[in-house]
**Q** 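Just dropping this structure here.
Computed from heavy atoms alone, side chains included, the values below leave out hydrogens, waters and symmetry copies. Order of appearance sets the numbers: ligands from 1, and atoms from 1 within every ligand.
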Amino acid sequence: MSRDRMVKFTLKSTEDLAKMREAGKAVAAALKAMKDAAQPGVSTLDLDVLAGEILAGFGAVSALKNYQPPFSDIRYLHNSCISINNEVLHGVPKADRFIRDGDVVKLDIAATFDGWCADSAITTIVGTPKSPKAEKLVSVTRASLYNAIRKAVYGNTMGDVSHAIQSHVEKNGFGVVRDLVGHGIGQTPHEEGLDVPCYGRAKLGPKLVVGMTFCIEPMVTTGRGTVAHTGDDPWTIISADRTLGAHFEHTVAILEDGPFIITAAERSDEPAAATAD
Ligand code: MF3
Ligand code: CO
């Protein structure tokens, strides 16, 4: 059996996508509020509580709270993941973990609206960046996501998407994380069977078809891209070489007329939101 035939995934209807979009709007608003509130002295738990409030205002709830992801034996207990500096992702909000000037902060949320999920992440530098390299890491990681989204087109392959991430990151001297991948999404935050690696070769991998929904999430470090657990908790993943990490993520649907960014911020020019932040 070819690799393509072994891939299983669910295709979403217009109605399903409309609900995912409502979840996506809530996620985008929560990320924006968290970003604005991420100032020196604020705790990561404060930001997590804020995320829950914003989601509630949209009639959504966190899809992470009490969720047991496929890669874990236990449930996650917070609304969001907040990871700082050499923490790349899945950082756990804490009442005694305070944001400091210059921190490279990753904010990651998944929400559920009427049973349907959306998942997105951003990286922001608080206050004054500590180095030009930190700024470059964030801009390169962000650009690699949008390059990849432009390849998320009916008829292309997942390899085209993955390659867009890897080539942009490596051209700029940074490393992609290989131990973790983007994922299918729908009525759960992680649908099995549709991996979205941050590395790959153009034209290889499963063909993209209309109705697919998945999360593209470049995870990048200024080092080699190798990662490890901190050991402080079962969740937080750091760069193995302790270099800075960045992470951006959007939930994307493959539509007939191109990629639709389910987690884009609400814009007056919807539904042409495929170019939105
Ligand atoms: N958005 C995160 C991801 O796709 C969700 C992590 S699941 C959690 O990896 F349980 F760790 F929060
Ligand atoms: Co994700």
Side-chain angles (χ1 to χ4, degrees), residues 9 20 23-24 26-28 30-31 34-35 44-45 47-49 51-52 55 60-84 87-94 97 105-113 116-123 141-142 144-145 148-149 152 158 161-162 165 176-198 212-221 225 227-230 232-239 245-253 261-264:
F9 46 81
M20 291 179 73
V27 166
L31 286 176
M34 291 172 86
K35 179 180 176 177
T44 54
L45 189 64
L47 296 179
D48 187 72
V49 170
L55 295 181
V61 291
S62 170
L64 302 182
K65 200 167 204 158
N66 295 315
Y67 174 62
Q68 187 177 329
F71 54 80
S72 171
D73 296 334
I74 56 167
R75 290 172 185 275
Y76 190 73
L77 298 176
H78 295 87
N79 295 316
S80 63
C81 298
I82 304 175
S83 315
I84 301 177
E87 299 165 352
V88 185
L89 73 170
H90 298 170
V92 183
K94 294 187 178 82
R97 182 77 190 273
V105 179
K106 278 111 313 184
L107 306 166
D108 188 355
I109 317 179
T112 306
F113 179 89
W116 289 86
C117 300
D119 182 5
S120 181
I122 57 170
T123 302
T141 306
R142 186 177 181 284
S144 76
L145 170 59
I149 291 173
M158 197 60 91
V161 172
S162 297
I165 298 174
V176 292
V177 172
R178 291 166 179 262
D179 286 357
L180 298 145
V181 293
H183 49 92
I185 183 167
Q187 289 178 291
T188 64
H190 296 104
E191 281 189 349
E192 298 284 335
L194 193 65
D195 286 351
V196 188
C198 297
M212 271 183 172
T213 48
F214 51 85
C215 295
I216 306 175
E217 47 180 321
M219 297 161 266
V220 178
T221 76
V227 290
H229 280 92
T230 53
D232 297 340
D233 62 58
W235 300 100
T236 311
I237 290 168
I238 54 171
S239 57
H247 176 213
F248 281 84
E249 174 176 17
H250 269 309
T251 300
V252 174
I261 305 179
I262 287 173
T263 42

**Q** Can an N or O of His183 be found at a distance shorter than 3.5 Å from an N or O of ligand 1?
**A** yes
**Q** Could you find the nearest protein heavy atom to atom 7 (S) of ligand 1 and give me its residue, atom name and distance?
**A**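 For atom 7 (S) of ligand 1, the nearest protein heavy atom comes out as Leu64 CD2, 3.8 Å.
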**Q** Please find the pair of heavy atoms, one from Pro218 and one from Cys198, that lie closest to each other, and give the distance.
**A** CA-SG, 3.7 Å
**Q** So which protein heavy atom does atom 9 (O) of ligand 1 come closest to, and at what separation?
**A** His90 NE2, 2.7 Å
**Q** How about His90 and Phe71: are their ring centres within less than 6.0 Å of each other?
**A** yes
**Q** Of the backbone and side-chain N, O or S atoms of His183, does one lie nearer to the Co ion (ligand 2) than 2.8 Å?
**A** yes
**Q** With the threshold set at under 4.0 angstrom, would you say Gln68 reaches ligand 1 through any of its heavy atoms?
**A** no
**Q** Tell me which N, O or S atom from Glu249 is the closest to the Co ion (ligand 2).
**A**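 Atom name of the closest N, O or S in Glu249: OE2.
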**Q** Is the shortest heavy-atom distance from the side chain of Gln187 to the side chain of Trp116 under 4.5 Å?
**A** yes
**Q** Which heavy atom in Ile122 sits nearest to a heavy atom in Leu31, and how many Å separate them?
**A** CD1-O, 4.0 Å
**Q** Under 3.5 Å, is there a donor on one side chain and an acceptor on the other for Asp119 and Thr251?
**A**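 No donor-acceptor contact under 3.5 Å links the two side chains.
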**Q** Taking only non-hydrogen atoms of Pro189, do any sit less than 4.0 angstrom from ligand 1?
**A**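 No, that is not the case, since the closest heavy atom of the residue is not under 4.0 Å from the ligand.
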**Q** List the closest protein heavy-atom neighbour of atom 2 (C) of ligand 1: residue, atom name, distance to the nearest 0.1 Å.
**A** Asp108 OD2, 3.3 Å
**Q** Can you name the atoms of ligand 1, numbered from 1 with element, that are less than 4.0 Å from a heavy atom of Cys81?
**A**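 Here the atoms of ligand 1 in question are 12 (F).
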**Q** For Cys215, which part has a heavy atom under 4.0 Å from ligand 1: side chain, backbone, both, or neither?
**A** neither
**Q** If the plane angle is over 60° it's perpendicular, under 30° parallel, otherwise tilted; pick one for His190 and Tyr67.
**A** parallel
**Q** Using a 4.0 Å heavy-atom threshold (strictly under), name the region of Glu249 that reaches ligand 1: side chain, backbone, both or neither.
**A** side chain
**Q** Does any donor atom in the side chain of Glu217 or His247 lie under 3.5 Å from an acceptor atom in the other side chain?
**A** yes
**Q** Report, in ascending order of atom number, the atoms of ligand 1 lying under 4.0 Å from any heavy atom of Trp235.
**A**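 In order of number, 10 (F), 11 (F).
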**Q** Below 4.0 Å, non-hydrogen atoms only: which portion of Glu217 touches ligand 1? Side chain, backbone, both or neither.
**A** side chain
**Q** Under a 4.0 Å threshold between the charged nitrogen and the carboxylate oxygen, would Glu87 count as salt-bridged to Arg97?
**A** yes
**Q** Mind listing the closest non-hydrogen atom pair of Val220 and Thr141 along with its distance?
**A**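 For Val220 versus Thr141, the nearest heavy atoms are CB-OG1, 3.4 Å.
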**Q** Do you know the tightest heavy-atom contact between Ser80 and Leu64?
**A**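 Answer, listing the atom of Ser80 first, then Leu64: CA-CD1, 4.1 Å.
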**Q** Grab the two heavy atoms, one from Ala253 and one from Ile262, that are nearest each other, plus how far apart they are.
**A**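 Closest pair (atom of Ala253, atom of Ile262, distance): CB-CD1, 3.8 Å.
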**Q** Would you say His190 has any N or O atom under 3.5 Å from an N or O of ligand 1, going by distance alone?
**A**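 Yes, since at least one N or O of His190 sits under 3.5 Å from an N or O of ligand 1.
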**Q** Run the contact test for Ala110 against ligand 1 with a 4.0 Å cut-off on heavy atoms, strictly below, and give the result.
**A** no
**Q** Check all N, O or S atoms of Asp119 and name the one closest to the Co ion (ligand 2).
**A**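 Atom name of the closest N, O or S in Asp119: OD2.
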**Q** Between the Co ion (ligand 2) and Glu217, which N, O or S atom of the residue is the nearest one?
**A** OE2
